[in-house]
Number of protein chains: 2
Amino acid sequence: MELIKKVNELGEDEALDFYENMFNALADKIRLKIINEISKSPNKSLCVCDLEEKLELKQSKLSYHLKKLVNVNILIPEKHGTWNYYKINEEQIQFVLSEDTCCKIF
Amino acid sequence: MELIKKVNELGEDEALDFYENMFNALADKIRLKIINEISKSPNKSLCVCDLEEKLELKQSKLSYHLKKLVNVNILIPEKHGTWNYYKINEEQIQFVLSEDTCCKIF
DNA sequence: TATATAAATCAAAAAAAGTTGATTTATATA
DNA sequence: TATATAAATCAACTTTTTTTGATTTATATA
């Protein structure tokens with residue numbers, strides 16, 4: 001779901017759905033902060049417990065918001081043992097948002 | 001509120017607020033359709049009753065959604081007698097979204 | 001001035017989104 | 001195998017957003 005390559009091939013209604021979902025995922029300060037924290041991290045990748053510390057949010061809340069970002073393909077999850085790391089799908093965001101905006105949010 | 005010129009001068013927290021509000025305004029299919037209808041109209045401007053017809057939505061519902069778009073400066077209202085016309089603030093949207101996205105939504 | 005039309009606003013109800021603590025699942029290690 | 005840690009999921013609850021019909025405000029016209 002929500003893969004960039006396909007957006008240009010979508011009909012009008014499906015494109016509206018795509019953008020509605022994208023904007024919805026981005027329309028929340030916690031989620032914008034998650035993106036921001038990951039982009040500031042040395043490896044451009046953080047696990048849930050890293051974010052728990054940095055943003056002072058509890059685990060279940062973070063999982064909820066991370067899932068929203070993964071669902072629209074803004075974040076890409078990577079499992080390393082017991083840890084789940086998340087990195088930003090810059091291509092996807094850059095496809096949707098202006099350079100100016102990308103600079104500000106990541 | 002939400003004037004482009006100022007976004008680049010904002011601190012990080014205020015910038016996040018700005019984008020959260022922007023994405024929130026865009027994160028709704030009715031509001032995306034409003035933008036789309038206005039952009040397709042000959043004068044790039046429609047009044048509430050035009051939209052009522054085109055989108056088959058009732059007046060109070062439209063007023064609610066139009067207000068959301070005006071609040072973040074995506075739409076600019078213009079009063080002509082009894083009619084309230086709305087036009088798109090393309091500059092504001094182009095500042096936030098990519099060319100690709102703008103092409104798709106208006 | 002009285003009447004009609006456009007559209008904003010309001011308050012109540014309905015629907016959707018977010019939060020919370022507990023439970024479950026999966027992996028790593030003693 | 002038993003235990004510990006990371007993180008997803010779940011169901012109950014809270015908060016926010018949206019919808020609805022009624023009312024109000026503003027303008028135009030007979």
Side-chain angles (χ1 to χ4, degrees), chain A residues 1-2 16-38 41 43 45-88, chain B residues 1-2 16-17 19-35 37-38 41 43 45-88:
Chain A
M1 194 216 191
E2 316 297 353
L16 278 198
D17 274 330
F18 171 83
Y19 287 110
E20 187 190 29
N21 291 336
M22 276 304 246
F23 296 138
N24 239 309
L26 293 165
D28 181 278
K29 211 172 309 172
I30 289 177
R31 295 194 288 269
L32 291 177
K33 282 183 182 173
I34 288 173
I35 294 170
N36 194 246
E37 281 298 337
I38 295 175
S41 71
N43 299 332
S45 179
L46 291 175
C47 64
V48 181
C49 57
D50 290 337
L51 287 162
E52 240 173 294
E53 258 195 8
K54 287 178 195 293
L55 298 177
E56 302 188 78
L57 296 172
K58 53 175 59 172
Q59 181 265 315
S60 65
K61 195 179 204 170
L62 273 165
S63 283
Y64 171 78
H65 289 288
L66 286 165
K67 194 177 180 182
K68 292 230 153 186
L69 291 168
V70 170
N71 281 343
V72 295
N73 209 25
I74 285 176
L75 291 186
I76 298 169
E78 261 175 22
K79 211 173 178 94
H80 286 116
T82 323
W83 290 267
N84 280 11
Y85 281 85
Y86 292 88
K87 65 178 186 182
I88 298 172
Chain B
M1 194 216 190
E2 316 297 354
L16 279 197
D17 273 330
Y19 287 110
E20 188 190 29
N21 290 336
M22 276 305 247
F23 296 138
N24 237 310
L26 292 165
D28 182 278
K29 211 174 305 174
I30 288 177
R31 295 194 286 271
L32 290 177
K33 281 184 182 172
I34 288 172
I35 293 170
E37 280 297 337
I38 294 175
S41 70
N43 299 330
S45 180
L46 291 176
C47 63
V48 181
C49 57
D50 288 338
L51 287 162
E52 242 174 293
E53 258 195 6
K54 286 178 196 293
L55 298 177
E56 302 189 78
L57 296 172
K58 53 175 59 173
Q59 180 267 312
S60 65
K61 195 178 203 169
L62 274 166
S63 283
Y64 170 79
H65 289 289
L66 286 165
K67 194 177 179 181
K68 293 229 153 188
L69 291 168
V70 170
N71 281 344
V72 296
N73 209 25
I74 285 177
L75 290 186
I76 298 169
E78 261 175 23
K79 211 176 178 94
H80 286 117
T82 322
W83 290 267
N84 281 11
Y85 280 85
Y86 292 86
K87 65 178 185 185
I88 297 172

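A quick note: this is a predicted structure, and the numbers were derived from the prediction, not measured.
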How many angstroms lie between atom CD of Glu37(B) and atom CD of Glu53(B), to the nearest 0.5 angstrom?
-> 11.0 Å

The side-chain hydrogen bond (donor to acceptor under 3.5 Å, both in side chains) partners of Ser63(B) (sequence neighbours excluded) come to Gln59(B)

May I ask you to test the Leu51(A)-Leu57(A) pair for a side-chain heavy-atom distance under 4.5 Å?
-> no

With a 4.0 Å cut-off on heavy atoms, is Tyr85(A) in touch with a base, just the backbone sugar-phosphate, or nothing at all?
-> nothing

Sort out for me which residue in Val48(B), Leu66(B), Val70(B) forms a side-chain contact (heavy atoms from CB on, under 4.5 Å) with Pro77(B).
-> Val70(B)

Using the test salt bridge (Lys or Arg N to Asp or Glu O under 4.0 Å), find all partners of Lys67(B) that sit at least two apart in sequence or belong to another chain.
-> none

Please report, rounded to the nearest Å, how far the C1' atom of dA6(C) is from the CG atom of Asn84(B).
-> 8 Å

Scan residues 70-84 of chain A for pairs that pass salt bridge (Lys or Arg N to Asp or Glu O under 4.0 Å), counting only residues two or more places apart or in two chains.
-> Glu78(A)-Lys87(A)

For dG18(C), take OP1 and OP2 only and decide whether either is under 4.0 Å from a side-chain N or O of Lys61(A).
-> no

For nucleotides 24-30 of chain D, just jot down a letter per nucleotide in 5' to 3' order: B, S or -, based on protein non-hydrogen atoms under 4.0 Å.
-> ---BS--

Positions of residues 46-54 of chain A (non-hydrogen atom under 4.0 Å from DNA chain C), listed by number | none

Looking at Tyr86(A), does any N or O in its side chain come under 4.0 Å of the phosphate oxygens OP1/OP2 on dA8(D)?
-> yes

Looking across every strand, which nucleic acid part, if any, lies under 4.0 Å from Ile30(A) by heavy atom: base, sugar-phosphate, or nothing?
-> sugar-phosphate

Asn71(A) has an atom CG; how far is it from atom C1' of dA17(C), in whole Å?
-> 14 Å

All ring pair (Phe, Tyr, Trp, His ring centres under 6.0 Å) counterparts of Tyr85(A), not counting sequence neighbours = His80(A)

Note, Asn73(A) side chain near Met22(A) side chain (heavy atom, < 4.5 Å) = no

Inter-residue atom distance Leu75(B).CG - Leu46(B).CG, 0.5 Å rounding = 10.0 Å

With rounding to the nearest 0.5 Å, note down the distance linking CG in Asp50(B) to CG in Asn84(B).
-> 11.5 Å

Are the side chain of Asn21(A) and the backbone of Phe18(A) linked by a donor-acceptor contact shorter than 3.5 Å?
-> no

Kindly list each side-chain donor-acceptor pair under 3.5 angstrom involving residues 26-33 of chain B, sequence neighbours excluded, with atom names and distances?
from	atom 1	to	atom 2	distance (Å)
Asp28(B)	OD1	Ile30(B)	N	2.9
Asp28(B)	OD1	Arg31(B)	N	3.1
Lys29(B)	NZ	Asp17(A)	OD1	2.5
Arg31(B)	NE	Ala25(B)	O	2.7
Arg31(B)	NH1	His65(B)	ND1	3.0
Arg31(B)	NH2	Asn24(B)	O	3.1

Leu62(A) versus Ile34(A): any side-chain heavy-atom pair under 4.5 Å?
-> yes

Which parts of nucleotides 9-17 of chain D does protein reach within less than 4.0 Å, heavy atoms only, written one letter per nucleotide 5' to 3' as B for base, S for sugar-phosphate only and - for none?
-> B-------S

Tell me what Leu62(B) touches on the nucleic acid: a base, only sugar-phosphate, or nothing, going by heavy atoms under 4.0 Å.
-> nothing

Can you give the dot-bracket line for DNA chain C, using ( ) for pairs inside the strand, [ ] for pairs that cross earlier ones, | for pairs with another strand and . for unpaired bases, where Watson-Crick and G-U count if both distances are under 3.5 Å?
-> ||||||||||||||||||||||||||||||

